[in-house]
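Below: one structure, written as structure tokens.
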Number of protein chains: 2
Amino acid sequence: MPTIVVEVMPKAELLDPQGKAVAGALERIGTTAVRDVRVGKRFELTVDGPVDAAVLEDVRRIAETVLANTVIEDVVAITAEESIVPGETH
Amino acid sequence: MPTIVVEVMPKAELLDPQGKAVAGALERIGTTAVRDVRVGKRFELTVDGPVDAAVLEDVRRIAETVLANTVIEDVVAITAEESIVPGETH
């Protein structure tokens with residue numbers, strides 16, 4: 001069954017305390033390459049049937065209203081992926 | 001500055017209570033297309049300098065040891081993205 005991936009990140013202009021905590025932890029363990037960290041969410045939605053325009057529109061609406069809090073977060077990507085189920089015929 | 005995106009999801013064989021809660025909420029508001037939801041994390045790491053093999057190896061190690069709890073989570077993707085800063089020359 002196809003999977004639609006929705007990616008949500010905190011808005012760029014807002015502080016991200018969770019990301020700051022991770023960045024601090026990386027510094028304490030001696031990592032020097034990473035300057036900044038931001039932490040968001042990745043949703044995998046498994047949908048019935050083919051991914052057509054109507055389904056994508058539905059998912060876009062869900063992403064903006066349910067999955068992301070658009071006051072503080074942005075939906076940065078909605079990607080359709082055909083998940084490979086072993087033995088499934090296409 | 002380049003950004004490296006690390007995506008982490010709960011292992012497929014484990015229950016994902018957060019995803020189940022979202023799936024239940026979608027059903028209650030009348031969404032029929034979505035059968036299952038899983039919720040993971042998306043980390044954006046801003047790195048200094050070019051993304052070479054050493055930096056990616058460093059990030060892979062960080063992802064497996066700090067960003068993901070590999071007992072219950074998998075690192076599903078590590079992707080390098082050149083972030084577009086307005087006015088920056090390449």
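Chain letters run A, B, ... following the sequence lines, proteins first and then strands; every chain starts at 1.
- Contact tally against chain A (heavy-atom pairs below 4.5 Å) for B/Met9, B/Lys41, B/Gln18: the top residue is B/Met9.
- Heavy atoms of A/Val76 lying under 4.5 Å from chain B belong exclusively to its side chain.
- With a 4.5 Å cut-off on non-hydrogen atoms, B/Ile29 touches chain A through its side chain but not through its backbone.
- Clustering ILVMFWY residues whenever any of their side-chain heavy atoms sit less than 4.5 angstrom apart, transitively, puts B/Val37 in the very cluster that holds A/Val55.
- Proximity to chain A (any heavy atom under 4.5 Å) is restricted, for B/Asp58, to the side chain, taken from C-beta onward.
- Taken together through direct or relayed side-chain contacts under 4.5 Å among Ile, Leu, Val, Met, Phe, Trp and Tyr, A/Leu14 and A/Val71 form part of one hydrophobic cluster.
- Each of A/Thr31, A/Val22, A/Val8 has some count of heavy-atom pairs under 4.5 Å with chain B, and the biggest count is that of A/Thr31.
- Linking ILVMFWY side-chain heavy atoms closer than 4.5 Å, directly or via other members, places A/Val39 and B/Val75 in a single hydrophobic cluster.
- With rounding to the nearest 0.5 angstrom, the CZ atom of B/Arg38 is 12.5 Å from the CG atom of A/Leu45.
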Query raised in the report: Taking it one step at a time, do B/Arg42 and A/Glu7 satisfy salt bridge (Lys or Arg N to Asp or Glu O under 4.0 Å)?
Result: CA-CA 7 Å; B/Arg42 182 179 190 277; A/Glu7 287 161 87; 2.6 Å; yes
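- Ranked by heavy-atom pairs under 4.5 Å with chain A, the list B/Val47, B/Val5, B/Val34, B/Asp36 is led by B/Asp36.
- For B/Leu26, the part sitting under 4.5 Å from any heavy atom of chain A is the side chain, from C-beta outward, and nothing else.
- Atom CG of B/Asp48 is separated from atom CZ of A/Arg35 by 4.0 Å, given to the nearest 0.5 angstrom.
- The candidate with the highest count of non-hydrogen atom pairs below 4.5 Å against chain B, out of A/Ile62, A/Val66, A/Ile4, is A/Ile62.
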